[in-house]
Peer 1: 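Structure incoming, see below.
The analysis underlying the following values was restricted to heavy atoms, covering all of them including side chains, and did not include hydrogens, waters or symmetry mates.
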Amino acid sequence: MKKTSIILLVIGALIVMMGFGGCNSYNKMATSDEGVTKQWQQVEVAYQARMDKTKNLFAIVEKAGNFEKSTLQEVMNARASATQVKIDVNDLTPENIAKFEKAQNAFGSSLGRLMAVSENYPNLKTVDAFRDFQAQYEGMENRIATERRRFNDQVGTYNTMLRRFPGNIWAGLFGFDKRGYFQGAEGSETAPDIQGM
């Protein structure tokens, strides 16, 4: 064989290997990206379930009478705000997730205050529908926390794939971008002061 033929065969083999490597990397990134998308939709389902269940809560609380109207109004306003924040699954940037999370946390904390204040209203606690909601409330919050954790795990796998060599090169060529994470709620890094309670 001529020297030029050998060089051309080696170059051709390298191109084929790079092509297979690129295809393999692309397929892994696309699969992982779909996993992030799928898990984001599970997060949305968990939040939507909470929204759906609280829709009837307002009527239950109002019928119980003599309840703090300001607390109920705060929950209703926070729910309305939280339902207005939507994120396109293809735009899960840290900024967009933070905006979504802020609205959901505001609703969750106001809902938590409503549940805490309800202890002062024995008439409300005797309403079967409210007792049912209280029983479901903890489960809803746990499901949201679980789906958020799973989302962060999926994003971690995806983002790591994009940062590792040679995946970072292929990610740039194929247009794959990092995704954002859910962060802890503001102040959650500080343990509560038990003595001050």
Side-chain angles (χ1 to χ4, degrees), residues 35-155 179-197:
V36 170
T37 299
K38 180 181 171 192
Q39 189 54 48
W40 174 254
Q41 290 171 350
Q42 288 303 112
V43 168
E44 286 183 325
V45 165
Y47 277 116
Q48 187 60 50
R50 179 171 73 176
M51 292 294 173
D52 293 345
K53 292 210 184 289
T54 57
K55 184 171 41 177
N56 297 327
L57 177 65
F58 305 138
I60 294 166
V61 171
E62 284 178 333
K63 285 183 182 176
N66 294 333
F67 192 78
E68 290 180 26
K69 300 293 183 200
S70 62
T71 304
L72 182 59
Q73 189 61 46
E74 180 185 335
V75 176
M76 292 168 71
N77 292 342
R79 182 182 185 276
S81 293
T83 58
Q84 292 175 2
V85 178
K86 301 285 186 201
I87 300 179
D88 179 3
V89 74
N90 295 316
D91 198 18
L92 294 174
T93 63
E95 298 80 20
N96 286 342
I97 289 180
K99 188 167 48 171
F100 178 84
E101 186 176 16
K102 182 178 179 183
Q104 294 298 333
N105 285 345
F107 175 57
S109 66
S110 64
L111 186 57
R113 279 192 295 283
L114 175 71
M115 300 305 286
V117 169
S118 70
E119 294 296 319
N120 299 331
Y121 296 88
N123 290 346
L124 181 60
K125 290 171 62 175
T126 62
V127 176
D128 289 340
F130 187 76
R131 283 198 317 255
D132 290 345
F133 179 81
Q134 280 184 306
Q136 295 171 12
Y137 176 70
E138 185 178 348
M140 288 185 303
E141 294 301 318
N142 286 340
R143 180 165 180 224
I144 288 169
T146 298
E147 297 302 342
R148 285 171 46 143
R149 181 186 48 77
R150 288 178 181 163
F151 175 78
N152 278 352
D153 290 346
Q154 194 73 37
V155 168
R179 300 293 186 102
Y181 291 95
F182 275 104
Q183 304 293 322
E186 195 171 308
S188 63
E189 70 280 355
T190 306
D193 179 14
I194 302 297
Q195 291 180 346
M197 293 181 151

Peer 1: If you measure from OH on Tyr181 to CG on Asp153, what distance do you get to the nearest 0.5 Å?
Peer 2: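 These two atoms lie 9.0 Å from each other.
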
Peer 1: Testing the basics here: between Ala103 and Ala82, what is the closest heavy-atom pair and its distance to 0.1 Å?
Peer 2: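 In terms of heavy atoms, the two residues are closest at O-CB, 3.7 Å.
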
Peer 1: Distance from Lys86 atom NZ to Asn96 atom CG, nearest 0.5 Å?
Peer 2: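 CG of Asn96 is found 14.0 Å from NZ of Lys86.
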
Peer 1: Sequence neighbours left out, what passes salt bridge (charged side-chain N to carboxylate O under 4.0 Å, His left out) with Asp132? Give chain and number order.
Peer 2: none

Peer 1: Look up atom CE in Met76 and atom CZ in Phe107, then write down how far apart they are to the nearest 0.5 Å.
Peer 2: 11.0 Å

Peer 1: With a 4.5 Å limit on heavy-atom distance, are the side chains of Met140 and Met51 in contact?
Peer 2: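 No, their side chains stay 4.5 Å or more apart.
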
Peer 1: Can you find a pair of side-chain heavy atoms, one from Arg79 and one from Lys55, that are under 4.5 Å apart?
Peer 2: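 Heavy-atom side-chain distance check passes, below 4.5 Å.
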
Peer 1: Is there a donor-acceptor pair under 3.5 Å between the side chain of Glu147 and the backbone N or O of Gln39?
Peer 2: no

Peer 1: Shortest non-hydrogen contact from Ile60 to Ala129?
Peer 2: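 Closest approach of Ile60 to Ala129, heavy atoms only: CD1-CB, 3.4 Å.
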
Peer 1: Donor-acceptor pair, distance only, cut-off 3.5 Å: does the side chain of Gln183 make one with the backbone of Ala98?
Peer 2: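 No; judged by distance alone, with no hydrogens or angles, the pair does not exist.
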
Peer 1: Which distance, rounded to the nearest 0.5 Å, do you find between the OG of Ser110 and the CE of Met115?
Peer 2: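 Output value for this atom pair is 12.0 Å.
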
Peer 1: To the nearest 0.5 Å, tell me how far Asn90 CG sits from Trp40 CH2.
Peer 2: 12.5 Å

Peer 1: How about Tyr137 and Leu111: do any of their side-chain heavy atoms sit closer than 4.5 Å?
Peer 2: yes

Peer 1: Is the closest side-chain heavy-atom distance between Gln42 and Arg143 below 4.5 Å?
Peer 2: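 They are in side-chain contact.
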
Peer 1: Do Ile87 and Lys99 have side chains that get closer than 4.5 Å, going by heavy atoms?
Peer 2: no

Peer 1: Parallel under 30°, tilted from 30 to 60°, perpendicular over 60°: which one fits the rings of Phe182 and Tyr47?
Peer 2: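 Answer is tilted, since the angle falls between 30° and 60°.
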
Peer 1: Without swapping roles, check the side chain of Arg50 against the backbone of Glu141 for a donor-acceptor pair under 3.5 Å.
Peer 2: no

Peer 1: Less than 4.5 Å apart, any side-chain heavy atom of Gln41 and any of Phe151?
Peer 2: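 No, their side chains stay 4.5 Å or more apart.
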
Peer 1: Quick one, Arg131 with Asp128, criterion salt bridge (Lys or Arg N to Asp or Glu O under 4.0 Å). Give me CA distance, side-chain angles, the key distance, then yes/no.
Peer 2: CA-CA 5 Å; Arg131 283 198 317 255; Asp128 289 340; 2.4 Å; yes

Peer 1: Distance-only, no hydrogens or angles: does the Thr54 side chain make a donor-acceptor pair with backbone N or O of Leu57 under 3.5 Å?
Peer 2: no

Peer 1: Would you call Arg179 and Thr37 a side-chain contact if the rule is heavy atoms closer than 4.5 Å?
Peer 2: yes

